[in-house]
Amino acid sequence: MPKNYIAKRIAKEFKDGMYVNLGIGIPTESANYIPEGTHVYLQTENGGLMFGPKPQRGESNPDIANAGAEPITMLPGGAVFDVATSFAMIRGGHIDMTVVGALEVDQEGSIASWKIPGKLLTGMGGAMDLLYGCKEVIVAMTHTDKYGKAKIRKKCTLPLTAAGVADLIITDKAVFRVNKDGLYLEELAPGVTASEVKQLTEAEIVNIKEWE
Amino acid sequence: MPKNYIAKRIAKEFKDGMYVNLGIGIPTESANYIPEGTHVYLQTENGGLMFGPKPQRGESNPDIANAGAEPITMLPGGAVFDVATSFAMIRGGHIDMTVVGALEVDQEGSIASWKIPGKLLTGMGGAMDLLYGCKEVIVAMTHTDKYGKAKIRKKCTLPLTAAGVADLIITDKAVFRVNKDGLYLEELAPGVTASEVKQLTEAEIVNIKEWE
Amino acid sequence: MAMQITPEEAVKKIKNKSSVMIGGFLGAAVPLVMIDKMVAEKIKDLTVISIGAGYRGGGVDIGKLVLNRQIAKYITAHVGTDPNLIKQIVNQEIELELSPMGTFVERVRAGGAGLGAVVTPVGIGTEVEDMAEKIIIDEKEYLLFKPIHADVAIIKAFRSDSLGNLQYKGMSNTNPIMATAADIVIAEVDEIVEVGEINCEAIGTPGIFVDYIVQGHTYEERKEIYEALWISTNKL
Amino acid sequence: MAMQITPEEAVKKIKNKSSVMIGGFLGAAVPLVMIDKMVAEKIKDLTVISIGAGYRGGGVDIGKLVLNRQIAKYITAHVGTDPNLIKQIVNQEIELELSPMGTFVERVRAGGAGLGAVVTPVGIGTEVEDMAEKIIIDEKEYLLFKPIHADVAIIKAFRSDSLGNLQYKGMSNTNPIMATAADIVIAEVDEIVEVGEINCEAIGTPGIFVDYIVQGHTYEERKEIYEALWISTNKL
């Protein structure tokens, strides 16, 4: 598997002029691979649009930070605002795309990412608003969990973050489109076979026959 | 009756540091009689705090206007904002006092000021928000209408702007306090007798005996 | 991301029967050029969504659309400044949808912010109860109003950069709220500047909300127009 | 109209069992001096209302109140940054009230704006349905949440004039909203300037919302504090 495969694959989904909110981890990394000539405007839910990379030491601004309270810079044309405006933007359908990690996603496009009863108890943060409001939702994650268990399921077993919202799933093994009638395999990662994907995916893949 | 009696009498209600929204007409005029040394901060519902008198010709700003779209000036320390903030301020209980005109007010403190079925059909504008939200509501009006009919009534006959909100009524004849148990005469205008007020007031005046 | 177009191109986005939000407040901070174009184009059967009517007396700004009989429905909080508008409402040529002003503002905000309704205590005990659904929360009565969203919003800002980031001057009144609540948002501005010239903290409406930028009157021209209007109506 | 007082005087406004809104976002733009004073005063059984927990790892800013076991209830959208807080929640030492972040924000805004409730589609089809009342409008499901209002709000702004007019720098995040939603509002600022020095268009929170102004760290001091924090946590 090529290094940073998922992040690079996410970047292919960026279209010129898009406003995008990226979740932490691999989604945020994908900003490093935005194609030359494509302008993507990044939103951060604590109240910023068009932010850039982290500043040099000595040049940070204590009031310019991302949603994880990490230092960032504002690009020319960038705007800052309060969280009421930020979540109006998110929930009101003004953001073109969000890319998020997940614990599970299912063939109906439902996503589980905020809670493991008895284990992960962080609160949902802004994830539910983002998944509800952004026009396009991409889930980016490893195909299986650390025990090798399928994360793309017939039906999520963990508490949902949002029901029926995922449009695209990008993993280290494959890319799927979530349509009304189910999950469609769109792409295999380099060196991965359809039967391998079928085996590692609990969900039904509507068009798997075309790939086998 | 002294000239501008009502406006001058309203001005006695201003306390230092108050944030006040004044309705058009006599209430707005009362700003000319704010006592020396008393600072009153005027709010205008189109989005301004601490505005001052109208500008000189040639010095107006097309974007600095009051709720009637008339030119005003901003005082040092004045703030401008949008109508969402303005009405949050009004409805949220942040404004100390509003002074408004009325067609009728009744002994329960209900106010009718926005509609005469078949005649006056302007819409309620911001009046309902102001009467609901401002901490203190003063009604300032002539004691009777142009036909000599009582405007202070047992129960308003016209459509209400707000129910049970008036605290003080200032007319050209008298000043009343609206308490939970009814209307109390507090003051007579110069040269006016209690029996005259009683005769010109349809509402019951709880403490009229003390004045007769 | 926004695109700069001419007023002539912009007005083509508004069709007969479109619902159009118009920013401003009783004539102040309104998109004068775009309104003139709508009049010139004689677009018909409009649903106009505006916090109030046009400048007092009528016939100015939105009042021109009234005189030209282009409006089928008016969603607002106040029509008292325009006698022509009141006449057309009384004659049932224009359908009127009223809400209290603060409620109107929240309905537009909810339309832009993806909220399902506005729940307010304002209007309880008045005729406004007939305009909304009554709900009870913790034994207190409230009115539930639905959001307002439009096909097109035409708004007024001081200036824009080429990304559609808008800066306001003075009372921005309804403009920043309406900028969020329409499918197509057209911003008429006094001037258009380079990206980066408007500081990130001075941006009142980020470009994400704006689709088209139109050069309107310059600030100096607007100042002349308003001074003349105010002098002729005895306000200055 | 606001009054300038010392942090020592300001902290006296917060009592045991007070509900306290704390502005900022996961450690950024928080009122550091006021939080330190609350820790020093050992005010107990607080209901803290904050969009999230303190800076990642815990023990910084709001995390100090957690370490000091001063919190009885936490109303928020996210606690994932503070393992100490999660531990106290799991051990039922702290009661947790969660809502989705955008809903939390609207609940605070509604508390300040006199609205009766927040009606949002976010959370439908999830466990959040158990945290609110479900209502149906035009055949679509929404959740109805109640407003949030506090006894005291401590917020952070860049600077203030002596009337309490506040100017923000960078992401103002929760501060302007919380400034509207408490009985007593205390603004901690980098600097205090003369009336008129902050332009009317640059005022992010008008003085009408602010009761007390407190001189916090200067901008240069805060820059040093954050650079050190960011460097020590590998973020810079």
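First the proteins, then the strands, lettered A, B, ... as listed; each starts at 1. Here the structure is a predicted model, which is why all the values come from computation and not from measurement.
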Over 12 non-hydrogen atoms of neighbours within 6.0 angstrom of [atom1] in [X]:
X        : atom1 : value
A:Lys155 : NZ    : no
A:Lys149 : NZ    : no
C:Lys146 : NZ    : no
A:Ile24  : CD1   : no
A:Lys135 : NZ    : yes

Nearest atoms (heavy-atom pairs only) where C:Gly112 meets A:His94: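 That closest heavy-atom pairing would be O-NE2, 2.8 Å.
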Which heavy-atom pair separates A:Arg91 from C:Ala113 by the least distance, and what is that distance?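 Heavy-atom minimum between the residues: NE-O, 2.7 Å.
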Is there side-chain contact between C:Pro206 and A:Gln43, with heavy atoms separated by less than 4.5 Å?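 Answer no - side chains too far apart.
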Side chain, backbone, both or neither of A:Met18 within contact of chain C (heavy atoms, under 4.5 Å):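 For A:Met18, there is no contact with chain C at all, as no heavy atom is under 4.5 Å.
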Report the distance from atom CD1 of C:Ile203 to atom CG of A:Leu49, rounding to the nearest 0.5 Å.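 Going from CD1 on C:Ile203 over to CG on A:Leu49, the span is 8.5 Å.
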To the nearest 0.5 Å, what is the distance between CD1 on C:Ile208 and CE on A:Met50?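 The distance works out to 11.5 Å.
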Scan C:Val195, C:Leu163, C:Asp161 and name whichever one has a side-chain contact (heavy atoms from CB on, under 4.5 Å) with A:Pro76.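 When side-chain contact (heavy atoms from CB on, under 4.5 Å) is applied between A:Pro76 and each of C:Val195, C:Leu163, C:Asp161, only C:Val195 qualifies.
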Please identify, among C:Gly114, C:Cys200, C:Ala181, the residue contributing the most non-hydrogen atom pairs under 4.5 Å to chain A.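 It is C:Cys200.
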